[in-house]
Amino acid sequence: MNSNAPASAGPIVRKRTSCGICEASCGLAIDVQGDQIISMRPDAEHPNSKGFACSKGVQFHYVRDDPDRVREPLRRRADGSFEAVTWDEALDDIGRRLRGIIREHGGESVGIYGGNPIVWNYAAFSLALGMSAALKTRHTYLAASVDINNYYVVNQLLYGNNFLSLFPDVAHTQFMVILGGNPVLSHGSMMTVGHVREALLDITRRNGRVVVIDPRRNETAQLFEHLPIRPDSDAWLVAAMIRIAFEEGLVKHDVVAIQASGLDFVHQLVEVATLDRAEAETGIAGARIAQLTRDFIAAPSAAFYGRWGASLGQFSTLTKYLIEVFNLVSGNCDRPGGVVFGHSMIDIEKLMHGSGQIGYDRWRTRVEGIPEVIGSAPLGTMAVEIETAGRGQLRALFVSHGNPAASGPGGTRLERAFAQLDLLVSMDPYLTETSRLAHYVLPPTLWLEREGFPIFTMAHTAVPYAQWSEATVPPPEGVREDWWILNEICRRSGLVPSPFKLLRGLGKLGLSLSPQTLTDAALRLGSEGDWFGLRPNGLNRAKLVAAAGPLKLMDHPPTGVLRKRVAHRDHLAHLEQPLMRAEILRLAQRPTLDPEYPLRIISIRELRSHNTWLHNVPKLMAGDRVQRLRIHPQDARPLRIRNGDSVRVESRFGAIEVMAWISDEVMPGTLALPHGWGHRGGWRRAVAAGGACFNDLTSDAAAASDLPSGQSQLTGLPVRISRIGRRTAEDATSQESAACLS
Ligand SMILES: Nc1nc2c(c(=O)[nH]1)N[C@H]1C(S)=C(S)[C@@H](COP(=O)(O)OP(=O)(O)OC[C@H]3O[C@@H](n4cnc5c(=O)[nH]c(N)nc54)[C@H](O)[C@@H]3O)O[C@H]1N2
Ligand SMILES: Nc1nc2c(c(=O)[nH]1)N[C@H]1C(S)=C(S)[C@@H](COP(=O)(O)OP(=O)(O)OC[C@H]3O[C@@H](n4cnc5c(=O)[nH]c(N)nc54)[C@H](O)[C@@H]3O)O[C@H]1N2
Ligand code: SF4
Ligand SMILES: [Mo]
């Protein structure tokens with residue numbers, strides 16, 4: 001795969017590792033010769049991914065070899081350009097500046113943002129948490145707050161632990177509802193089901209049903225039943241389904257009595273969700289909602305799954321709460337074919353909870369008073385925390401594995417706020433929209449160049465397994481491991497990074513344990529561990545590395561475990577949640593449509609991108625991919641918008657210009673735009689691809705967010721549209737051919 005590979009680079013060795021791009025964590029079999037990658041293929045023997053991997057995974061060697069990859073530390077000059085410096089120069093200066101900031105303003109003025117890929121980098125994650133604990137800062141930000149914090153809030157409220165998450169048992173279900181998810185394209189989120197397209201098709205092959213409820217006939221809906229729903233109205237649908245279940249006597253009282261308390265609360269809560277109101281809000285006929293409810297409850301087993309599209313509207317915590325309740329009242333919680341709890345090789349659930357690192361609303365953000373989720377503040381509060389003076393003002397920020405300037409809410413506000421920081425350090429392989437603004441850019445190893453240990457996804461994996469692989473290939477000379485970088489910054493600024501007080505104490509005495517040793521200890525002491533020799537058949541890192549591939553732990557996660565797993569004292573799911581009453585009142589008061597902004601725009605993903613990155617990989621951009629705004633013919637016609645026209649989309653918070661694409665894949669009244677385009681910075685191919693940043697339409701104001709989780713609204717935003725330019729004949733031809741190819 002590298003044409004420069006010398007002929008005499010030694011034998012070809014096959015290595016098995018796990019992909020570190022998305023939650024599918026697919027097994028890969030990689031042939032390596034010396035430090036060259038000869039081929040990357042799906043691992044046919046992997047117990048969970050079962051011989052599947054997508055083009056992003058098997059093309060990743062292009063990222064490794066990308067000419068735009070940053071390969072030495074960069075320092076920003078006064079004119080905004082960058083100069084290369086040595087690691088010591090960079091780290092010494094950062095350490096010195098950080099020490100000064102801590103001395104003057106305290107550790108609480110320093111922040112860390114952990115972006116999405118950090119969850120495939122256990123060592124960096126543990127260092128980031130450790131550094132934040134050592135700083136005693138509340139400025140810990142995670143990409144989870146633009147993604148899944150609604151899950152973490154609901155899990156905590158209902159089951160007493162943020163990480164106790166239910167996911168659909170796709171392998172055994174007879175009826176699956178997917179609300180706001182597109183697993184055929186995304187390969188699944190908060191459910192790690194190998195070869196998920198086939199697993200879903202198997203449901204229909206065994207005469208079951210899959211219903212995809214989505215404003216867009218997405219790639220998953222194209223294979224199954226599609227039920228269009230007006231964006232950001234999901235809570236109405238699920239509330240109405242629960243109401244029907246009560247009204248028609250379909251609630252499984254006997255099952256609920258064993259698993260939960262507070263059913264009467266739910267009964268009252270959903271009173272407002274009449275079929276008439278739900279029909280008006282969702283655009284789905286009341287009769288259809290009622291029938292879907294009956295069918296779901298009558299199915300031998302059923303799983304209701306809501307994901308990104310149902311997690312980033314204005315009522316995402318309420319929506320997730322209602323989904324949990326509906327699975328419960330229909331008797332589908334914690335049973336085969338329903339929704340199940342995962343089985344992980346390391347019990348992160350207990351470890352993080354027991355050490356007090358996770359929770360909900362134990363403190364609130366300084367300026368806006370937004371509740372903490374898993375010990376972190378929402379990304380939507382970052383700009384205001386930088387801009388607002390006072391004790392605890394955010395003055396220095398370390399960004400690791402993230403691109404918040406493009407992935408976060410509020411348009412360019414965060415970029416402007418970054419300019420006020422005394423110190424911004426970005427650890428990133430590219431000069432992204434975020435790192436181009438940093439004082440220092442520090443280049444990290446990539447997942448192929450470090451250990452593979454997909455711990456985050458283990459908690460919701462369909463076939464539980466354990467895998468710990470060593471680095472597949474060595475990194476280029478000038479880059480360093482993320483955890484090492486953070487550790488060195490701590491060392492040079494006098495911090496001892498550890499989430500655990502005892503270990504921080506030991507660290508001050510000069511005794512420190514590497515993230516690898518600590519994580520191995522957690523594995524060894526866990527339910528699958530060797531208990532340091534007491535259980536000779538148990539696992540440890542050395543055994544997993546020696547196995548040189550994944551070990552299957554069981555065929556599927558155990559069911560009937562709810563009362564063992566739920567952390568509340570009475571071991572029941574707590575359905576009575578006054579916070580949800582406040583939310584449903586807020587929902588009921590919201591007008592159905594905004595007459596000034598009568599359309600709603602949704603954010604979507606594409607097969608060959610990953611959030612804001614991978615737009616620099618030539619193979620993934622083949623066919624001159626362009627960003628296209630999907631608009632329904634009924635909405636386009638009165639405005640005389642045609643394919644390829646340039647249009648202006650305006651929300652209450654911002655405006656963008658994009659290219660229109662007329663398509664009935666979206667329902668009338670809905671616009672759909674891929675996220676992650678409109679690049680700036682040093683990734684040249686990505687910048688050349690053009691487009692606009694979806695998040696320029698969004699707001700980071702507390703009032704425009706899901707209040708309980710603090711997640712800003714990133715989908716279903718009210719907008720209006722106008723035509724600003726006519727396509728040329730030449731444009732149209734190239735755009736149409738690009739459309740065919742992408
Ligand atoms: N409108 C809209 N906004 C969204 C979304 C959406 O669908 N629509 N999606 C949301 C979701 S679900 C998420 S998870 C967030 C993601 O938000 P972020 O995590 O902030 O953004 P990513 O685009 O995933 O950026 C990941 C960055 O990590 C870098 N990177 C890759 N590998 C490594 C590594 O090994 N080490 C280091 N140090 N850096 C690495 C990449 O170059 C890239 O710059 O965005 C959210 N924002
Ligand atoms: N190829 C690819 N795979 C990815 C990613 C990627 O960028 N590219 N990103 C990864 C990440 S970080 C994540 S979190 C996962 C997410 O994985 P999924 O949750 O499967 O997310 P999406 O593919 O964004 O699917 C969201 C769906 O929600 C719909 N939708 C949007 N708004 C609404 C709404 O208001 N209501 C309803 N009911 N539906 C709505 C969209 O049309 C879309 O079909 O994907 C991961 N996998
Ligand atoms: S589906 Fe996700 S984990 Fe699997 S190869 Fe593709 S990017 Fe990697
Ligand atoms: Mo995500």
Side-chain angles (χ1 to χ4, degrees), residues 141-154 179-181 214-216 229-238 281-282 306-322 365 368 370-371 373 377-384 404 406-414 582-584 586-594 596-605 611 649-656 669-676 692-720:
Y141 302 88
L142 296 170
S145 65
V146 275
D147 190 354
I148 45 170
N149 269 4
N150 62 326
Y151 267 60
Y152 292 150
V153 172
V154 170
L179 180 71
D214 202 292
R216 173 174 168 254
I229 184 169
R230 178 175 294 134
D232 198 23
S233 69
D234 305 279
W236 282 113
L237 170 75
V238 196
E281 297 284 347
T282 61
R307 220 6 230 125
W308 201 89
S311 293
L312 276 302
Q314 249 187 54
F315 292 90
S316 62
T317 303
L318 177 64
T319 305
K320 176 63 180 161
Y321 165 84
L322 293 167
T365 61
E368 292 175 303
I370 309 286
V373 183
L379 180 54
T381 65
M382 189 188 270
V384 79
S407 55
T412 52
R413 179 177 180 190
L414 196 53
E583 282 300 280
I584 213 151
R586 189 167 73 94
L587 176 72
Q589 280 159 11
R590 183 180 65 163
T592 309
L593 284 179
D594 181 339
E596 276 184 69
Y597 297 87
L599 303 171
R600 284 192 188 171
I601 190 165
I602 61 170
S603 178
I604 57 175
R605 283 165 216 286
N611 299 337
V649 182
E650 256 178 287
S651 73
R652 286 199 179 274
F653 315 109
I656 52 174
T670 296
L671 306 175
L673 184 71
H675 155 64
C693 179
F694 183 101
N695 287 335
D696 285 356
L697 296 170
T698 64
S699 164
D700 62 358
S705 67
D706 170 60
L707 294 180
S709 69
Q711 298 205 113
S712 303
Q713 182 179 8
L714 297 183
T715 197
L717 288 141
V719 289
R720 61 187 176 214

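The minimum heavy-atom distance between Ala377 and Tyr141, with the atom names listed, is O-CD2, 3.3 Å. For Ile370 against Pro378, the heavy-atom pair with the smallest separation is CG2-CG, 3.6 Å. Between Leu593 and Pro598, the shortest heavy-atom distance links the atoms CD2-O, 4.0 Å.
In summary, Asp700 and Arg413 engage in a salt bridge, as defined by a charged side-chain N under 4.0 Å from a carboxylate O. A salt bridge does not link Arg600 to Asp594: none of the charged nitrogens lies less than 4.0 Å from a carboxylate oxygen. Salt-bridge formation is not detected for the pair Glu281/Arg590: no Lys NZ or Arg NE/NH1/NH2 atom is positioned less than 4.0 Å from an Asp or Glu carboxylate oxygen. Contact check on Arg307 versus Asp147 returns a salt bridge, with a Lys/Arg side-chain nitrogen under 4.0 Å from an Asp/Glu carboxylate oxygen.
Side-chain polar atoms of Thr317 and Asp706 form a donor-acceptor pair below 3.5 angstrom. Side-chain N/O atoms of Ser709 and Asn150 include no donor and acceptor closer than 3.5 Å.
In this structure, the side chains of Leu379 and Pro404 come closer than 4.5 Å at one or more pairs of heavy atoms.
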- Message: Set out, in order, the CA-CA distance, both residues' side-chain angles and the distance that settles side-chain contact (heavy atoms from CB on, under 4.5 Å) for Val719 and Leu671, then state yes or no.
- Response: CA-CA 9 Å; Val719 289; Leu671 306 175; 3.8 Å; yes
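With Glu583 contributing its side chain and Arg586 its backbone, the two residues share no donor-acceptor pair below 3.5 Å.
At least one cation-pi condition fails for Arg652 and Tyr597: the charged atom is not both under 6.0 angstrom from the six-membered ring centre and inside a 45 degree cone around its axis.
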